[in-house]
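Here's the structure we're looking at; comments come further down.
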Amino acid sequence: MKNIRILFLVLFIWLTPSILLAQSGEPIKIGRGDLTFSAYTHFRYTYTEDDSGGVGTNPLVSPIDTPDTIDWERLRFILYGHLAADLTYRFEYDLTDTELKDAFFKIPRLPFYEASITLGQFKLPLSEAGLVLDTPLQQTIKGPILYEDGPVTIGDRDIGLLLRGDMLDNNAGYAIGIVNGNGINQSDDNDGKDFLFHFKVSPWKKKDRSAFKPIEFAASFMTGSVSEVGTTGSDDRERFGFTMKYQIKETELTVEYIQQILDVDGPEDITTKTWYLQLTRDFKVDFLKRQQLIRGVLCYEQYEPDSTVNNDEINAITFGGIWSINKYSRLMLNYILYDEVKDEIDNNHTLLQLEFKF
């Protein structure tokens, strides 16, 4: 791990001229293409309420006397650009966990067909939450429990091929993917591939006077198989995602439902699911002798990790605020109130995160 950190330090120093040129608007030429460098980081303080009783059994339980932490949560470097007019690339690496995130090539426009094709490791369009997870587009510091906490069910990235295109006079879009199904930086462990189908539509997109003009619906379905733990067989697995987004002026509402069904040997399938409602509202306030943008965030989530276990549901409410200091940085504050149906404990989180991007 130390050698990898040294390697990326050397890479960072080597790319410093590229950073300066990129900031001045001049792309870095490589052959007949170009290279653009960007980066972002999340510096986070986490405070967890301590429970004086037992630790319980739910997946969000922390040990008694959980220490407060200050840490670099992410430190990501991104390289992207064109190898040619009809071929782009993107590589994203996180130095905090020494892990490759994105690594793909993309043909923006296929010959004789209005669609793009992506090959490599990329974000899966299964849900809106997965697409914005761990990025500067995320409105809450932590994403849904399904993606981040406890026995994480679904990853936001996978390796394979993705075809994207528009339809219905650009009022709708689709994506069809073939991936390993094992998540980030993992090769397949069975003979089957996972298939992803995604569809989104804005029915009133071109209706200038309609109150429903900003509304967008999306649905995703993913099917495949996963190897059984400790055996040589495999289990069928299905994933679903349903999204509704509505934005009008300074207010945005997102409602999303995400589910996984695992067909295991036994009397019933294991279903893991979550749904959340997220509301954001922008406010402009006079502060420090200039007008500042403050965004209020409220998110309610219900999460069930295992349908075969009774009373294991968790409810979470996030109260948050985002101060956009400038176009390169923002300060985020979240208070997450957890309510466990079973084995309720004191484990609420207070999170403070400073984000830089360039």
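- Across all their heavy atoms, V179 and K193 have their closest contact at O-CD, 3.5 Å.
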(request) Take E148 and L133 through the test side chain to side chain contact (heavy atoms under 4.5 Å, CB included) and record every step on the way to the result. (result) CA-CA 9 Å; E148 288 215 68; L133 186 70; 3.9 Å; yes
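- Under the 3.5 Å distance criterion, the side-chain polar atoms of D94 are matched with a main-chain donor or acceptor of T96.
- Proximity of a side-chain donor or acceptor of D306 to a complementary backbone N or O of D312 within less than 3.5 Å is not detected.
- I70 has its side chain within reach of F43: a pair of non-hydrogen atoms, C-beta onward, lies under 4.5 Å apart.
- Between I107 and L87, some side-chain heavy-atom pair lies under the 4.5 Å cut-off.
- The shortest non-hydrogen separation linking K123 to G130 is NZ-O, 2.9 Å.
- Ring geometry, F91 versus Y89: the interplanar angle falls from 30° to 60°, so the pair is classed tilted.
- Here the CZ atom belonging to R90 is positioned 6.0 Å from the CZ atom belonging to F104, to the nearest 0.5 angstrom.
- K245 has no carboxylate O lying under 4.0 Å from a charged side-chain N of E216, or vice versa, which leaves the two without a salt bridge.
- Heavy atoms only, all atoms of each residue included: G160 and F122 are closest at O-CE2, 3.4 Å.
- For the pair I145/T274, no side-chain contact is recorded, criterion being any heavy-atom separation below 4.5 Å from C-beta on.
- Note: the hydrophobic cluster containing I184 does not contain M222 (ILVMFWY, side chain heavy atoms under 4.5 Å, direct or indirect links).
- Classification of the Y40-H42 ring pair by plane angle, with boundaries at 30° and 60°, yields tilted.
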(request) For side chain to side chain contact (heavy atoms under 4.5 Å, CB included), just list the numbers for L352 and L331, CA-CA rounded to whole Å, side-chain angles, deciding distance to a tenth of an Å, and then say yes or no. (result) CA-CA 7 Å; L352 182 65; L331 183 65; 3.9 Å; yes
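- A donor-acceptor contact closer than 3.5 angstrom is absent between the side chains of E268 and T308.
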(request) Go through Q259 and Y257 one step at a time and tell me if the side-chain hydrogen bond (donor to acceptor under 3.5 Å, both in side chains) criterion holds. (result) CA-CA 7 Å; Q259 174 180 283; Y257 177 86; 2.4 Å; yes
(message) As a quick check of understanding, evaluate side chain to side chain contact (heavy atoms under 4.5 Å, CB included) for F358 and F37, giving each step before the final call.
(response) CA-CA 9 Å; F358 57 91; F37 173 87; 3.7 Å; yes
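- Both L333 and V285 belong to a single network of hydrophobic side chains, linked directly or stepwise wherever heavy atoms of I, L, V, M, F, W or Y lie under 4.5 Å apart.
- Rounded to the nearest 0.5 angstrom, R164 CZ and T118 OG1 are separated by 7.5 Å.
- With a 4.5 Å cut-off on side-chain heavy atoms, Q121 and N185 count as touching.
- Between the side chains of S324 and R330, not a single donor N or O lies within less than 3.5 Å of an accepting N or O.
- V297 has its side chain out of reach of M332: every pair of non-hydrogen atoms, C-beta onward, lies at least 4.5 Å apart.
- Following chains of ILVMFWY side-chain contacts shorter than 4.5 Å, one can reach I336 starting from I314, so the two form part of one hydrophobic cluster.
- Shortest non-hydrogen contact noted between Y147 and S127 is OH-OG, 2.6 Å.
- Aromatic ring orientation, W275 versus Y300: perpendicular (interplanar angle above 60°, classes split at 30° and 60°).
- Exactly one of I154, D156, D158, T243 qualifies for a side-chain contact (heavy atoms from CB on, under 4.5 Å) with L126. That residue is I154.
- Exactly one residue among R44, K101, R74 makes a salt bridge (charged side-chain N to carboxylate O under 4.0 Å, His left out) with D134. That residue is R74.
- A donor-acceptor contact shorter than 3.5 Å is absent between the side chain of S220 and the backbone of H198.
- Listed by chain and residue number, nothing satisfies the ring pair (Phe, Tyr, Trp, His ring centres under 6.0 Å) test with F199 (two or more places apart in sequence, or in another chain).
- In this structure, CG on D71 lies 8.5 Å from OG1 on T46, to the nearest 0.5 angstrom.
- Using cut-offs of 30° and 60° on the angle between ring planes, the pair Y335 and F319 is parallel.
- Taking 4.5 Å as the limit, every side-chain heavy atom of I141 sits out of range of all side-chain heavy atoms of H349.
- Hydrophobic clustering of Ile, Leu, Val, Met, Phe, Trp and Tyr side chains at less than 4.5 Å, counting indirect connections, unites Y113 with I178.
- At a threshold of 4.5 Å between side-chain heavy atoms, the hydrophobic network of Ile, Leu, Val, Met, Phe, Trp and Tyr places Y328 and L354 in two separate groups.
- D236 places no side-chain N or O within donor-acceptor distance of the main-chain N or O of S225, the cut-off being under 3.5 Å.
- Side chains of I159 and D188 form no contact here, defined as non-hydrogen atoms less than 4.5 Å apart.
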(request) Show your reasoning for whether salt bridge (charged side-chain N to carboxylate O under 4.0 Å, His left out) applies to D102 and R157. (result) CA-CA 8 Å; D102 287 335; R157 289 174 168 87; 2.7 Å; yes
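- Once rounded to the nearest 0.5 Å, the distance linking CG of D34 with NE2 of H82 reads 6.5 Å.
- Atom OG1 of residue T223 and atom CZ of residue F195 lie 8.5 Å apart, to the nearest 0.5 angstrom.
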(request) Using the side chain to side chain contact (heavy atoms under 4.5 Å, CB included) rule, take Y276 and T254 through it: C-alpha gap first, then chi angles, then the decisive distance, then the call. (result) CA-CA 8 Å; Y276 70 88; T254 303; 4.0 Å; yes
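- Within the model, atoms CD1 of I215 and OG of S202 stand 9.0 Å from one another, a figure rounded to the nearest 0.5 Å.
- Counting heavy atoms from C-beta outward, R237 and Q260 have side chains that approach closer than 4.5 Å.
- Smallest separation of non-hydrogen atoms from I258 and E256: CG1-CG, 4.0 Å.
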